[in-house]
Structure formats: C-alpha cells, structure tokens
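One structure is given here, and the rest of the page talks about it.
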Amino acid sequence: MSTSPIPSPCQQRCQLDATGESCKSCRRTLKEIAGWPGFSDYEKKAVWNRLLSLPPLAQAKLCQRCGDTFLCGIADGEENCWCARLPNVMPMSQDGSDCLCPACLLQAIAQAPSGQQGDAADDSSGR
C-alpha cells in the first residue's frame with residue numbers, strides 16, 4: 001500500500017526572522033529546512049506537529065462588517081492577538097464569516113445581550 005509523500009511546509013515566501021534562525025513564512029528552523037529532503041516520515045511529521053502547535057501569526061484580514069483591513073492573530077513581540085484582551089462574545093458566527101476589526105468587535109460587544117459576553121475578566125478600562 002503506497003502512502004502519499006508528506007508535503008513540505010514551504011510557502012515559497014522565504015524570509016528569515018530577526019534571529020536568522022527561522023523562516024518567517026513557514027516557521028521552520030534552518031535545520032528543519034535544510035534537513036527536510038532527507039528526513040524520514042517520522043521526522044517530517046514531528047516538524048508538522050511542532051508547526052501546528054504554534055499560535056497563529058498575524059495576518060491581514062478584511063472586516064466582514066465594515067470592510068476595513070486589520071491584523072488578526074499574534075503580531076511580532078505579542079503573546080496573544082489583540083482580541084484576547086476583550087470580553088469573549090460567543091458564539092461566533094456560524095455562517096462562515098470571519099473576524100471583525102477592533103472597532104466593529106467593540107461595537108458588537110457593546111450591543112451583545114447581557115449574559116452573552118462569556119466569563120470575561122473585569123475590565124477597569126471602561127470598555
């Protein structure tokens with residue numbers, strides 16, 4: 001029984017991070033990039049498992065409500081996405097729409113019926 005080869009994480013947008021140790025696009029280390037062609041399936045799966053466990057990087061998105069562009073995900077130097085600092089409004093839309101920009105998300109939180117804001121921590125900033 002033949003199995004499909006494990007695809008490379010390479011995204012053809014190679015750029016080293018500030019440390020010069022990892023690709024900013026695929027997030028593999030130089031050792032992983034150089035070794036990929038000779039890696040066993042077990043080693044390739046281990047690389048994929050490490051990459052999939054990383055938090056998502058910030059990416060440009062369009063707000064589904066107003067059409068503005070914004071960054072979604074974890075930006076350089078941050079531990080969490082900007083939205084993690086806001087109360088959790090659940091459930092997210094089930095119609096396949098994506099994230100909201102900061103202004104629209106704050107508006108949605110303000111308009112959410114009480115009890116829909118989840119277990120957000122007390123926020124003394126007045127939001």
Side-chain angles (χ1 to χ4, degrees):
M1 184 172 149
S2 175
T3 60
S4 300
I6 298 171
S8 170
C10 182
Q11 298 176 9
Q12 303 296 312
R13 297 183 311 228
C14 304
Q15 183 182 4
L16 292 179
D17 65 7
T19 68
E21 296 294 320
S22 296
C23 175
K24 290 172 81 173
S25 182
C26 73
R27 301 171 83 180
R28 289 182 295 166
T29 65
L30 291 178
K31 183 177 177 182
E32 291 168 339
I33 293 167
W36 189 266
F39 280 178
S40 67
D41 284 355
Y42 176 81
E43 291 168 310
K44 289 178 179 180
K45 287 178 184 177
V47 171
W48 269 112
N49 285 337
R50 185 186 69 76
L51 296 174
L52 292 171
S53 72
L54 296 173
L57 291 174
Q59 55 184 296
K61 292 197 175 189
L62 286 175
C63 179
Q64 298 297 305
R65 191 178 274 187
C66 72
D68 276 352
T69 59
F70 66 100
L71 285 180
C72 179
I74 299 174
D76 287 339
E78 299 289 327
E79 288 188 31
N80 294 303
C81 182
W82 58 266
C83 69
R85 295 185 294 269
L86 300 175
N88 188 9
V89 178
M90 294 301 285
M92 289 186 66
S93 175
Q94 300 299 314
D95 63 4
S97 58
D98 209 341
C99 301
L100 300 176
C101 70
C104 289
L105 183 55
L106 284 171
Q107 185 179 34
I109 290 168
Q111 293 173 344
S114 66
Q116 189 179 348
Q117 292 185 4
D119 295 311
D122 180 46
D123 184 358
S124 59
S125 67
R127 284 189 285 208

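These values consider heavy atoms only, across backbone and side chains, with no hydrogens, waters or symmetry-generated copies.
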Practice item. Could you tell me which non-hydrogen atom of G67 sits nearest to which non-hydrogen atom of L62, and how far apart they are? Key: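 So the minimum-distance heavy-atom pair works out to O-CD2, 3.4 Å.
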
**Study point:** Heavy-atom closest pair, residues F70 and P102
**Key:**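 Of all heavy-atom pairs spanning F70 and P102, the closest is CB-CD, 4.1 Å.
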
Practice item. Could you work out the complete set of other residues in the hydrophobic cluster of L71, with links drawn between I, L, V, M, F, W and Y side chains under 4.5 Å apart? Key: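 None, because no other hydrophobic side chain comes under 4.5 Å of this residue.
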
Review point. Quick one: hydrophobic cluster around I6, which other residues, with the 4.5 Å side-chain cut-off, linked directly or via members?
Key: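 Direct or chained contacts put I6 with W36, F39, V47, W48, L51, L52, L54.
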
Can I get a per-line list of side-chain donor-acceptor pairs under 3.5 Å for residues 9-16, giving both atom names and the distance, sequence neighbours left out?
residue	atom	partner	partner atom	Å
Q11	OE1	R13	NH2	2.5
Q11	OE1	S25	OG	3.0

Point to revise | With T19 via side-chain contact (heavy atoms from CB on, under 4.5 Å) - residues at least two apart | key: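 Here the qualifying residues are D17, E21.
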
**Study point:** side-chain contact (heavy atoms from CB on, under 4.5 Å) against C83, all qualifying residues, sequence neighbours excluded
**Key:**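 By the side-chain contact (heavy atoms from CB on, under 4.5 Å) rule, C83 matches C81, L105.
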
Check your understanding: Which residue pairs satisfy the salt bridge (Lys or Arg N to Asp or Glu O under 4.0 Å) criterion with at least one member in residues 28-44, sequence neighbours excluded?
Key ->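 Residue pairs with at least one partner in residues 28-44: E32-R50.
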
